[in-house]
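Just so we're on the same page: letters track the sequence lines, and every chain starts at 1. These values consider heavy atoms only, across backbone and side chains, with no hydrogens, waters or symmetry-generated copies.
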Amino acid sequence: MWRMEKAPNIPEPFLKPYNSKESEPRILELWEKSGFANPDVCIEKGVTAADAESYSIVLPPPNVTGTLHMGHAAMLAIQDILIRYNRMRGKKTLWLPGTDHAAIATQSVVEKDLLKTEKKTRHDLGRDEFLKRVEAFAQASHDTIVGQVRAMGASVDWSREAYTLDEARNLAVRTAFKSMYDAGLIYRGNRIVNWDPKMQTTVSDDEIEYVEQKDPFYYFKYGPFTIGTVRPETKFGDKYIVMHPDDARYKEYKHGQKLEVEWINGKITATIVKDEAADMSFGSGVMTITPAHSGIDFDIAQRHKLDVEQIINERGILLPIAGEFAGQHIKKARPMVLEKLRQKGLLVKVEGGYVHNVATNSRGGETIEPQIKLQWFVDVNKKFAIPHSEIPGIASGSETTLKELMRRAVDSGAIKIAPDRFEKVYYNWIDNLRDWCISRQIWYGHRIPVWYCLNCKHEAMDAEVKSKWFIVRHGETEKNLKLIYQGHSDSPLTAQGRIQAAAVAERLKNHDIGLIISSDLGRCKETAGIIAGTIDAEIVYDQELRERNFGDAEGMSFDEAKEKFGSYLDAYDETKGNIETSKRLEERISKAFHKLKATHGHKNVVIVTHGSAIRLLLKHLQNISYEEARVKPKVSNSEVFSLDILKSPCEKCGGDLFEQDSDTLDTWFSSGLWTFSTLGWPYSAQSATKGKPGPENDFANYHPTDVLETGYDILFFWVARMILMTGFCLGTVPFRNVYLHGLVRDAQGRKMSKSLGNVIDPLTMIEKYGADAARLSLIVGASPGNDVKLSEDRVRGYKHFANKVWNISRFVLEAGAGGEIRHPMSNLEKIDKKLIDEAHAIVKTVSENIDSFRLDLAADTIYHFVWHRFADEIIEESKALLKAGGEAAESRRHTLYSILHTCLKLLHPFMPFVTEAVWQELPKKESELLMVAKWPIDV
RNA sequence: GCGCGCUUAGCUCAGUGGUAGAGCAUUGUCUUGACGUGACAAGGGUCGGGGGUUCGAUUCCCUUAGCGCGCACCA
C-alpha cells in the first residue's frame, strides 16, 4: 500500500506511484525547451566544450507512407541510447532527423487510395494535381511521424530536420548525378529491366521479391526437340534453340544450324545456339529463349548477337507478333495458346505442381515482366579515376570502380559492420551486383536532372531553368463536338470545355505564371479568361497565334471537307483555294513564337492556341519532318505541352528550348546521399570549418558520422548505396560503424502485419506502459542482428521496472541524504566505499557494452544491478543501519545517494523519462537536466 | 545450388574451456522505514544428436538433424 502520510524530505510527486502518462509530456517539454539536442546550444550554454570530440548519427529517415511501427521504435530507442550516452560523456553530439519521400512506396499508397475512394488513376488527375495529393499525404504522414518520434523521447535535433525530397537534398541529388554522369558512370541505355506492368515503372533488382508459385509445367514439340515451359504465351517469337555444348544427346546439332519447325502460328526458321547457360539436367536440356522478356535469355542473346524482339507490351498485352492472339493480355492468352498447341498436336505432356519463383514488386506485389527499355543506369564495373580518396587501399587519382570502392570501404576496416557476419553478406551482395537502374516512370521523386534539346535532342545535365512555357490548346467547343472545321471562324466552349480550362488553371497555378498569351479567337480568349481567373496573370492577345485558316472548308464537317478538298487538307505545302497551307501556318506560328520568346522569355508564360497550330509549332521546335509530326497523336482539347527555357543554350545547336526527362530517380539514389546531403553538402561543404559551431559547419564537424544504425533488412538497399555514393562523391566513408538490429516480430516470431492483425502499435504501448517501458522492451534481450519477439507482457514488465526506479528514489530521498555527494569519499565507512566501487564497476561494464553495441547486455546489467543488487540487497541491508543512526548511518545515507545518482545516470539513456523525472526532484543537482549531466565514468 | 545464422529451464533469450544464468511464467510464504507494478524462497535444463581435440567442452573442431534467413537459378 502507498503510505500517504508525508514523510519529511519527500517531494510531493513521490506520494503517488510513477505515472508515465502524466510526466512524459512534461519532461519532453523540458528537454525541447532546453534545446540541448542541438550541439550548438550545448556549447553555447557551456554544457559541452567547444573543442569536444564530436559524435554524430543521422536518423534513417522513415518513409512518409504512414505511421511508425515497432521496428522504428527499436531504431529510435537504440540510437537515442547511443546519443544520450555520448552526450553525457561530454561529446559534441548530433542526431539529425528526417523523413524519406520513398518514391514508389508513397506514390503507390496514394494511387491505391485514389482508386478506392474516387475511382481515379493518377493520369485522370495529371502530374501536377496528383503530386499535390501525394505531397498532402506525405505531409500528414510526416506530422504523425514527428509526433511519434517525440513521444519515444528521441533527442534528435529538430532544428536540422531534413527531407529526402526538399530543396537542399535536390541540389545534392543534381550535383551527384552530374558528377557521376561526367565520370561516365551514369549512362542511358537500352537494357533489360524489371518492369511493373501495373505501376508502369521499372523497379531495381533489390526491390524484387520472389514469391513461390505452383504452376503446371508444359512440354511442347519444337521440331525434333521437346521444350518445357510454364509460360507458353510468351513463346511466339522463340526462334533460337539453346543447348549445352557438352550435351551428348544433341551433339549432332551444330551451333548456328538452322531448321524449320512448326510452331504456334505456323512454320518458323529456328537456329541452334550452343551455350553453357542451358542446364543439361533440367527438363530435356533444350530450351528456346525469349530475350526481350528474360534477363538470362537476354544475356544469351547478347553473347551470340541474336535478334531480340518484343512480344509483350508495357501493359502486358501481346504484340502483333502473336498473330491471332495479339491484343490479348498474357494472363488470358495462356489457356488459349495452350489449346492451340494442343490442337496442333504439339503438346507433349503436362506436369502439375511445378514450383518456381515468380518475381514480384515488393512495393506493390505485381508480377514483374522483364522488358528492354531505354533507362538510366549507374555502371558499377566501369573504371574511373577517383580524384580524392581517403579509403585505405584506394589512392587519390587512381583508377577504381564503384564495386571496388564499396568492397574496400569495408574490407579495409574503414567501416566496421556489427554483427560482423553481415560483412560476408555484404560482400556476397557486391559480387552479384549488376548495373543499377535508377530511372523510374513514377511521378513522386527527384526529376532526372537531364534536359533534352528540343531542336537537336542533345542532353544538357543539371541545367538551370530560366522560365517555363506552357502551350495549351483551348477547351472543347461546340464545333469540336460536332467535328466541324473552325479555323478563323469560331464557336463557344462547351460546358466540358470550360471545365477543361479550369483544370488547366489548377494545374498551372503553382508555376508562378507571369503572362498569358492567347490567340485572339473567341475560343482561346474564353479559355485564357478562365485560366486567368485562377492564376491571376495579365492576358495579351496575338492574332499570329490563330488557328490555320481553313478558308472555304470552314464550317464544313470533317467528312464533308475531306470529300471536297481531299488530300489538300493533309498536305504540307499544297493548297486549293484559300486554305492556308500547313507550311504557311508553321512559318507564321513559329515566327510569332520566337518573337514572343525574345520579349517574354524571362518569365513563365502560358500560351493558349489551337490544335493544328500547336502541332506545327512543335514540329518546327522539335525539328522533325512533316511525316514524323503527322504520326504523332493529335493534340486534344486543353492539352498542355511544357517547355523549359534554359539559361545556357544547347552546346550543340545553340537552342534554348528543352524538355526535361520525365522520369524520376530511384528513391535510394537520394537516400544514398543522406549522411552528407543532410550535413550541408554541397552548398556549405567547402566552407565548413571544423570546430566552429553552426549548421553551416556541420560537414566539417560531423562527417563521417559515427554510426549508421538500421535494420539488417536494408543493408543492401541503403547501407551499401550510401557507401557507394559517399565513396564516389567524397572519396571517403559515410560512417565508421554500421550497427544492424534485428526485426521486431510478434510473440510467435511472425512478422507483424496488418493482415495478420498482430501489429503492436508503439503509441499504444507508450500510452499504456510509458515510453521507457516500450524502449526497454525492445532493448533487453535484443542481441545485435537477431530478431526480437515482442509481446505486451514484456512491455508491462518494464513498466514495473520504471516504477521500481521511482520507488528506489523515493526511499533514498526519504532516507534524507540532503542532496550532496561527499567529495572526497575519504570519511566513508569501509563497506560504503566498497559499495560505491561496486557501482563504478557497473558503470565500466555498461560503458564497455554500449561502446561495443551490446545494448542488450548493458541494459540487462543495469537492470540487474538496480533491482536485485541495489534495491534488494543494498537498500534492504541499509534499513537496520539507518535506524541505528550515528556515523555509520550518515555514511550510508551518502552512499545510497551516491549510488542512486549513478544509477539514474546509467539508466538515463535507456529510460530517459523516469530518470529525468526523478532528477527533477533531487534537492541539489549538478545540472538542471539529467539529459546533460556528466556520465559517472570519472566520478 | 551457394552462403549465413539458430537449436541452453514451460516461454523469450544471455553466457563461459572447468560439471549452467536472467526475465517472464509456475508454486509456497510474507503488510519488515520505498515499491503487491513488492519481498523472500522453491521447483524446473545431463546446454538438438553423434564423433573428435583436451586432464576437462554447453563453450573449440568435424559430422548429422530440425528450424530460420539471404543470394542465385528456375527453359
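Annotation: of the two residues near RNA chain B, A/Phe811 and A/Ala278, the 5′-most nearest-nucleotide partner is A/Phe811.
Looking at heavy-atom distances under 4.0 Å, A/Val230 makes contact with sugar-phosphate atoms alone, never a base. At a threshold of 4.0 angstrom between heavy atoms, the contacts of A/Ile808 include nucleobase atoms, whether or not backbone atoms are also involved. As judged by a 4.0 angstrom heavy-atom cut-off over every strand, A/Asp279 is placed among the base-contacting residues. As judged by a 4.0 angstrom heavy-atom cut-off over every strand, A/Leu715 is placed among residues making no nucleic acid contact. Using a 4.0 Å heavy-atom distance criterion, A/Lys883 is classed as a base contact. As judged by a 4.0 angstrom heavy-atom cut-off over every strand, A/Tyr863 is placed among residues touching the sugar-phosphate backbone only.
No donor-acceptor pair closer than 3.5 Å links the side chain of A/Lys239 to the backbone N or O of A/Ile268. A side-chain donor-acceptor contact under 3.5 Å links A/Asp772 to the backbone of A/Phe913.
Taking the P atoms as reference points, B/A57 lies 23 Å from B/U64, given to the whole Å. Comparing B/A39 with B/U46, their C1' atoms sit 33 Å apart, to the nearest whole Å. Using atom C1' as the reference point in both B/G70 and B/C61, the two lie 26 Å apart (nearest Å). B/C67 sits 16 Å from B/U8 when the C1' atoms are compared, rounded to a whole Å. Nucleotides B/A20 and B/G56 place their C1' atoms 16 Å apart, quoted to the nearest Å. For the P atoms, the distance from B/U12 to B/U19 is 27 Å, rounded to whole Å. Comparing the same atom, P, in B/G33 and in B/U29 gives a spacing of 22 Å after rounding to whole Å. For the C1' atom pair drawn from B/G5 and B/G51, the interatomic distance equals 23 Å after rounding to whole Å.
With rounding to whole Å, A/Phe717 atom CZ is found 13 Å from B/C71 atom C1'. Here the C1' atom of nucleotide B/C4 and the CZ atom of A/Phe422 are 9 Å apart, to the nearest Å. Here B/G21 presents its P atom at 11 Å from NE2 of A/His864, a figure rounded to the nearest Å. Regarding A/Tyr210, its OH atom lies at a distance of 15 Å from the C1' atom of B/G1, rounded to whole Å. The nearest whole Å value for the distance from the CD atom in A/Glu792 to the P atom in B/G23 is 22 Å. Regarding A/Asp793, its CG atom lies at a distance of 14 Å from the C1' atom of B/U26, rounded to whole Å. A straight line from CH2 of A/Trp867 to P of B/U37 spans 11 Å, rounded to a whole angstrom. What separates CG of A/Asn428 from P of B/C69 is a distance of 17 Å, to the nearest Å.
Across all strands shown, B/G28 pairs with B/C40; the Watson-Crick or G-U wobble distances both stay below 3.5 Å. In this structure, B/C13 forms a base pair with B/G21, meeting either the Watson-Crick or the G-U wobble geometry with both donor-acceptor distances under 3.5 Å. Summarising the base pairing, B/C67 is matched to B/G5 through a Watson-Crick or G-U wobble pair whose two defining distances lie under 3.5 Å. Pair assignment for B/U46: none, as no Watson-Crick or G-U wobble contacts are both less than 3.5 Å. Partner assigned to B/C60 is B/G52, using Watson-Crick or G-U wobble distances below 3.5 angstrom. Nucleotide B/C73 is matched to nothing when pairs are restricted to Watson-Crick or G-U wobble geometry with both distances under 3.5 angstrom.
Checking the phosphate oxygens (OP1, OP2) of B/A39, no side-chain nitrogen or oxygen of A/Lys879 falls inside 4.0 Å. Within the 4.0 Å cut-off from OP1 or OP2 of B/G23, at least one side-chain nitrogen or oxygen of A/His868 is found.
For A/Lys424, there are no salt bridge (charged side-chain N to carboxylate O under 4.0 Å, His left out) partners, not counting sequence neighbours. Under the rule for a salt bridge (charged side-chain N to carboxylate O under 4.0 Å, His left out), the partners of A/Glu876 that lie at least two apart in sequence or sit in another chain are A/Lys879. The salt bridge (charged side-chain N to carboxylate O under 4.0 Å, His left out) check on A/Lys344 picks up A/Glu262, with sequence neighbours excluded. Legend: residues meeting side-chain contact (heavy atoms from CB on, under 4.5 Å) with A/Asp299, ordered by chain and number and at least two apart, are A/Arg303. Partners of A/Glu921 by salt bridge (charged side-chain N to carboxylate O under 4.0 Å, His left out), not counting sequence neighbours: none found.
Side-chain N/O atoms of A/Lys424 and base N/O atoms of B/C4 include no donor-acceptor pair closer than 3.5 Å. In this model, a side-chain donor or acceptor of A/Glu876 finds a partner on the base of B/A34 within 3.5 Å.
In this structure, A/Arg869 pairs ionically with A/Glu838, as a charged nitrogen and a carboxylate oxygen lie closer than 4.0 Å.
Counting heavy atoms from C-beta on, the side chains of A/Ile241 and A/Thr271 never come closer than 4.5 Å.
Rounded to the nearest 0.5 angstrom, A/Ile289 CD1 and A/Ile227 CD1 are separated by 11.5 Å.
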Pairs: protein N or O with nucleotides 8-15 of chain B N or O, under 3.5 Å:
from	atom 1	to	atom 2	distance (Å)
B/A14	OP1	A/Ser783	OG	2.2
B/A14	OP1	A/Asn786	ND2	3.3
B/G15	OP1	A/Arg854	NH1	3.0
B/G15	OP1	A/Arg854	NH2	3.2

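Distance from the side chain of A/Ala815 is smallest for B/G33 among the nucleotides B/A22, B/A34, B/G33. With B/C40, B/A72, B/A34 as the choices, the nucleotide that has an atom nearest any side-chain atom of A/Asn357 turns out to be B/A72. With distances taken from any side-chain atom of A/Glu814 to the nucleotides B/G33, B/C40, B/C35, the minimum falls on B/G33. Of the listed nucleotides (B/C40, B/G38, B/G70), B/G70 has the atom at the smallest distance from the side chain of A/Phe716.
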